[in-house]
Amino acid sequence: VNKAQLLSLENPRYRQVLERYDHLKGVKMDDMDPKDYLPVHLILGVCDYTKIKTVTAPLIGAANEPIAEKTKFGWTIISPGKEVDLSPMFLTQTSTVDY
């Protein structure tokens, strides 16, 4: 494939997400890119994701709120799978703050 970018997603605006949900206090995300769309660099399957999870308990808020999990690569923010406002779902975003 002769393309510089194969896949992009709507920017989830992590700064706003972290400010909005109290249960995400302490999560560090270093991707505060202001662009409307961001490139996808890596897609992990479930079996791969389980290999990078840590023993740190996930940060879970109320129903339909995002969940944060600590991985070997840093924090991830994951959609609960159901968006109340029908906006695009979050995909995992890795933070490099911790390594």
Side-chain angles (χ1 to χ4, degrees):
V1 177
N2 191 16
K3 291 178 77 174
Q5 182 176 312
L6 296 176
L7 181 62
S8 64
L9 295 172
E10 189 173 331
N11 188 338
R13 313 281 182 209
Y14 288 109
R15 179 172 289 141
Q16 294 167 352
V17 172
L18 294 174
E19 290 172 358
R20 181 175 175 188
Y21 298 102
D22 289 335
H23 70 283
L24 299 179
K25 298 289 186 242
V27 171
K28 304 283 189 226
M29 301 299 287
D30 66 345
D31 189 355
M32 300 299 178
D33 196 316
K35 290 188 238 92
D36 290 334
Y37 287 85
L38 301 174
V40 174
H41 298 289
L42 178 68
I43 299 173
L44 294 175
V46 173
C47 67
D48 295 319
Y49 186 71
T50 60
K51 293 175 185 174
I52 64 167
K53 288 178 67 168
T54 65
V55 296
T56 304
L59 303 178
I60 301 171
N64 299 317
E65 290 184 346
I67 298 164
E69 283 197 82
K70 185 87 178 250
T71 72
K72 293 177 183 177
F73 298 126
W75 283 101
T76 62
I77 298 178
I78 304 168
S79 169
K82 180 180 178 189
E83 301 301 318
V84 175
D85 62 2
L86 300 178
S87 65
M89 292 175 52
F90 294 110
L91 290 182
T92 302
Q93 171 64 44
T94 302
S95 169
T96 59
V97 170
D98 298 314
Y99 64 94

Given the options Leu24, Ile77, Asp30, Tyr14 meets side chain to side chain contact (heavy atoms under 4.5 Å, CB included) only with Ile77
Show the atom names and distances, to 0.1 Å, of all donor-acceptor pairs under 3.5 Å that link a side chain in residues 35-48 to residues at least two apart or in another chain.
{"unit_1": "Lys35", "atom_1": "NZ", "unit_2": "Asp33", "atom_2": "OD2", "d": "2.8"}
{"unit_1": "Asp36", "atom_1": "OD1", "unit_2": "Arg13", "atom_2": "NH2", "d": "2.8"}

Do Tyr21 and Val27 pass the side chain to side chain contact (heavy atoms under 4.5 Å, CB included) test, and can you show the C-alpha distance, the side-chain angles, and the key distance before you say yes or no?
-> CA-CA 11 Å; Tyr21 298 102; Val27 171; over 6 Å; no
To the nearest 0.5 Å, how far apart are [atom1] in [X] and [atom2] in [Y]?
{"X": "Asp22", "Y": "Glu65", "atom1": "CG", "atom2": "CD", "result": "8.5 Å"}
{"X": "Asn11", "Y": "Met32", "atom1": "CG", "atom2": "CE", "result": "10.0 Å"}
{"X": "Ile52", "Y": "Lys70", "atom1": "CD1", "atom2": "NZ", "result": "12.5 Å"}

Are the side chain of His23 and the backbone N or O of Pro66 linked by a donor-acceptor pair below 3.5 Å?
-> yes
So if you build clusters from Ile, Leu, Val, Met, Phe, Trp, Tyr with side-chain heavy-atom gaps below 4.5 Å, do Met29 and Ile67 land together?
-> no
Shortest non-hydrogen contact from Glu69 toward Pro58 |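 Answer, listing the atom of Glu69 first, then Pro58: CG-CB, 3.6 Å.
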Under 4.5 Å between any side-chain heavy atoms of Leu59 and Trp75, yes or no?
->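 A side-chain contact under 4.5 Å exists here.
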